[in-house]
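Presented below is the structure to which this report refers.
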Amino acid sequence: VTATTIGRVYGSANPDFAEGDWVLGLNALEDYSVVRPGGFTSKIDISMVPRPTLFLSGMGAVGLTAYFGLLDGLKPQSGETLLVSGAAGAVGSIVGQIGKIKGCRVIGIAGGPEKCARLTRDYGFDAAIDYRGKSARHLAVEIGAAAPEGVDMIFENVGGDVLDAGLMTLAMRARILLCGLISEYNSADGKHGARNLWALIVKRATMQGFLIMDYVDQFATGGQQVAHWMGAGKIRVDEDIQTGLENAYPAFMRLFSGANTGKLILQIAT
Ligand SMILES: NC(=O)c1ccc[n+]([C@@H]2O[C@H](COP(=O)([O-])OP(=O)(O)OC[C@H]3O[C@@H](n4cnc5c(N)ncnc54)[C@H](OP(=O)(O)O)[C@@H]3O)[C@@H](O)[C@H]2O)c1
């Protein structure tokens with residue numbers, strides 16, 4: 001399993017990297033990694049931040065997925081309605097908070113009453129909807145009640161019934177960003193797919209895919225902006241830190257049971 005990592009240089013044949021330097025990378029879950037600089041792999045200055053893990057969460061790929069996905073992918077305008085799925089998760093919670101900074105009405109979909117309470121209480125969402133145990137049609141009715149004029153944008157992290165429900169509630173010329181389809185990653189009976197694509201035709205809507213790797217050369221700029229919002233108290237970033245390489249499997253599975261609250265991080269070294 002490859003993941004975004006932060007770690008310290010143990011030994012280096014490159015004069016730009018000294019022993020003890022902190023480095024961001026894209027590596028396996030392992031005690032030691034052999035890497036070359038460039039692309040994702042770069043030095044980080046942890047004196048800039050209250051805790052180094054922020055380079056994995058708010059200022060890392062997660063926060064920057066929210067930042068670039070929302071601002072460049074969906075281009076929100078003040079007064080528009082934004083629907084976020086996987087809303088209490090690492091990416092989704094930051095998407096919703098940036099949506100509020102941009103003046104949008106933000107509706108989040110998450111699993112269970114506690115996560116829904118966190119959406120409005122901790123992240124400032126305008127409305128929260130619990131998807132568990134509900135059909136796409138049932139969910140669409142609840143989204144429609146929270147967005148009587150329809151949703152202008154969907155930031156999609158989940159797919160399946162949740163996406164189908166969102167598609168039933170689109171406003172005219174809505175935009176949909178496919179960031180993730182987590183409900184389909186482990187599906188044993190094939191892909192569910194989006195069954196309500198007809199809505200794109202009726203509403204003249206646009207759906208596009210998004211991959212954070214396209215923005216690597218803009219990470220520093222995006223990271224500074226997210227850090228500024230965090231420092232100003234406008235964005236709250238939660239982390240779910242599990243420990244020990246031997247716990248990698250149960251830790252990873254927290255993503256699929258929904259047990260994680262915030263960016264899931266596995267701490268291997270101390
Ligand atoms: N495109 C990109 O470049 C990019 C980059 C980073 C992440 N992503 C995607 O963004 C999404 C969120 O990632 P994250 O790291 O922020 O994870 P996360 O949201 O912190 O954790 C995953 C959450 O997904 C929800 N979930 C899991 N299985 C589900 C299912 N079957 N149906 C509905 N919800 C389910 C759970 O929340 P509930 O308890 O609410 O169900 C779980 O807590 C993922 O789809 C990921 O692949 C994409």
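Only a predicted model underlies this, so the values are computations on that prediction, with no experimental measurement involved.
The shortest distance between side-chain heavy atoms of Met59 and Met48 falls below 4.5 Å. Side chains of Leu24 and Thr41 form no contact here, defined as non-hydrogen atoms less than 4.5 Å apart. With contacts defined as side-chain heavy-atom distances shorter than 4.5 Å, the pair Met230/Val237 qualifies. At least one side-chain heavy atom of Leu71 sits under 4.5 Å from a side-chain heavy atom of Lys102. With contacts defined as side-chain heavy-atom distances shorter than 4.5 Å, the pair Phe155/Val91 qualifies. Looking at heavy atoms from C-beta onward, Leu200 lies in side-chain contact with Leu167 at the 4.5 angstrom threshold. Within the 4.5 Å cutoff, the side chain of Met207 has no heavy atoms near those of the Arg175 side chain. Side-chain contact check for Cys116 versus Ile129: every heavy-atom pair is 4.5 Å or farther apart.
Between Arg121 and Glu114, at least one side-chain N (NZ, or NE/NH1/NH2) sits under 4.0 Å from a carboxylate O, which counts as a salt bridge. Between Glu142 and Lys134, at least one side-chain N (NZ, or NE/NH1/NH2) sits under 4.0 Å from a carboxylate O, which counts as a salt bridge. Between Arg51 and Glu239 a salt bridge is recorded (basic side-chain N to carboxylate O distance below 4.0 Å). For the pair Arg173 and Asp152, the salt-bridge criterion is not met [side-chain N within less than 4.0 Å of a carboxylate O]. Using a 4.0 Å cut-off between a side-chain N of Lys or Arg and a carboxylate O of Asp or Glu, Lys115 and Asp130 do not qualify as a salt bridge.
Across all non-hydrogen atoms, the minimal contact from Ser93 to Gln97 is O-NE2, 3.0 Å. Contact detail for Ala251 and Leu266: the closest heavy-atom pair is CB-CD1, 4.1 Å. Across all non-hydrogen atoms, the minimal contact from Met153 to Cys104 is CE-SG, 4.0 Å. The shortest heavy-atom contact between Ile268 and Asp31 is CG2-OD1, 3.2 Å. The minimum heavy-atom distance linking Ala87 with Gly108 is given by the pair CB-CA, 3.6 Å. Scanning all heavy atoms of the two residues, the minimum distance from Ser85 to Val162 falls at CB-CG1, 3.6 Å.
Using modelled atom types, one finds a donor on one side chain and an acceptor on the other under 3.5 Å when comparing Ser47 with Asp45. Side-chain contact of Asp72 with Tyr67: a donor-acceptor pair under 3.5 Å is absent, judged by distance alone. Residues Glu184 and Ser187 have side chains that never bring a donor and an acceptor to within less than 3.5 angstrom of each other. Between the side chains of Tyr123 and Arg236, no donor-acceptor pair of N or O atoms lies under 3.5 Å. In this structure, a donor-acceptor pair under 3.5 Å is absent between the side chains of Gln224 and His228.
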| task | List the steps and the verdict of side chain to side chain contact (heavy atoms under 4.5 Å, CB included) for Thr206 and Ile176. | result | CA-CA 6 Å; Thr206 309; Ile176 300 144; over 6 Å; no
| task | Could you go through the side chain to side chain donor-acceptor pair (under 3.5 Å) check for Tyr32 and Asn27 one step at a time? | result | CA-CA 9 Å; Tyr32 298 92; Asn27 294 302; over 6 Å; no
| request: Take Lys43 and Phe17 through the side chain to side chain contact (heavy atoms under 4.5 Å, CB included) test and state the conclusion after the steps. | output: CA-CA 8 Å; Lys43 269 203 279 200; Phe17 289 76; 3.5 Å; yes
| query | For Ser33 and Glu30, what are the C-alpha separation, side-chain angles and deciding distance, and is it a side chain to side chain donor-acceptor pair (under 3.5 Å)? | reply | CA-CA 7 Å; Ser33 301; Glu30 56 195 1; 2.6 Å; yes
| query | Would Gln267 and Thr243 satisfy side chain to side chain donor-acceptor pair (under 3.5 Å), going step by step from the backbone distance to the final call? | reply | CA-CA 5 Å; Gln267 183 176 356; Thr243 52; over 6 Å; no
| said: As a quick check of understanding, evaluate side chain to side chain contact (heavy atoms under 4.5 Å, CB included) for Ile6 and Ile44, giving each step before the final call. | reply: CA-CA 9 Å; Ile6 52 170; Ile44 51 176; 3.6 Å; yes
| message | Between Thr120 and Asp126, does the side chain to side chain contact (heavy atoms under 4.5 Å, CB included) criterion hold? Intermediate values first, please. | response | CA-CA 6 Å; Thr120 49; Asp126 296 289; over 6 Å; no
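Note that CZ of Arg254 and CG of Asp240 are 4.0 Å apart. Values are rounded to the nearest 0.5 Å. In this structure, the separation between CG on Leu255 and CG on Asn260 is 5.0 Å, given to the nearest 0.5 Å. We find the CG-NE2 distance between Asp161 and His192 to be 4.0 Å, quoted to the nearest 0.5 Å. Here CG of Asn157 is found 11.0 Å from CG of Leu163. Values are rounded to the nearest 0.5 Å. Distance check: Gln208 CD to Glu156 CD gives 13.5 Å after rounding to the nearest 0.5 Å. Summarising the geometry, atom CG belonging to Leu82 is positioned 8.5 Å from atom CD1 belonging to Ile107; distances are rounded to the nearest 0.5 Å.
Ser12 places a side-chain N or O within 3.5 Å of a backbone atom of Asn14 that can act as its donor or acceptor partner. When atom types are taken as modelled, the side chain of Asp164 and the backbone of Asn196 share a donor-acceptor pair closer than 3.5 angstrom. Remark: side-chain polar atoms of Lys203 are not paired, donor with acceptor, to backbone N or O of Met168 under 3.5 angstrom. Using a distance-only test at 3.5 Å, with no hydrogens or angles considered, no donor-acceptor pair links the side chain of Asp21 to the main chain of Val9. Within the 3.5 Å criterion, the main-chain N or O of Gly222 finds no donor-acceptor partner in the side chain of Gln225.
The hydrophobic cluster containing Leu56 does not contain Leu264, counting ILVMFWY residues as joined when their side-chain heavy atoms lie under 4.5 angstrom apart, directly or transitively. Under the 4.5 Å side-chain heavy-atom criterion for ILVMFWY residues, a single connected hydrophobic cluster contains both Phe125 and Ile101. Hydrophobic clustering (side-chain heavy atoms under 4.5 Å, transitive across Ile, Leu, Val, Met, Phe, Trp, Tyr) groups Leu119 together with Val62. Under the 4.5 Å side-chain heavy-atom criterion for ILVMFWY residues, a single connected hydrophobic cluster contains both Val95 and Leu54. Under the 4.5 Å side-chain heavy-atom criterion for grouping Ile, Leu, Val, Met, Phe, Trp and Tyr, Leu70 is connected to Val84 within one hydrophobic cluster.
Between Tyr185 and Phe256, the two ring planes are perpendicular [angle over 60°; tilted spans 30° to 60°]. Under the 30°/60° scheme for interplanar angles, the aromatic rings of Phe219 and Phe40 are found to stand perpendicular.
Within 6.0 Å of CD on Glu149 lie no more than 12 heavy atoms contributed by other residues, nucleotides or ligands.
Taking Lys191 as the reference, nothing meets the salt bridge (Lys or Arg N to Asp or Glu O under 4.0 Å) condition, with sequence neighbours excluded.
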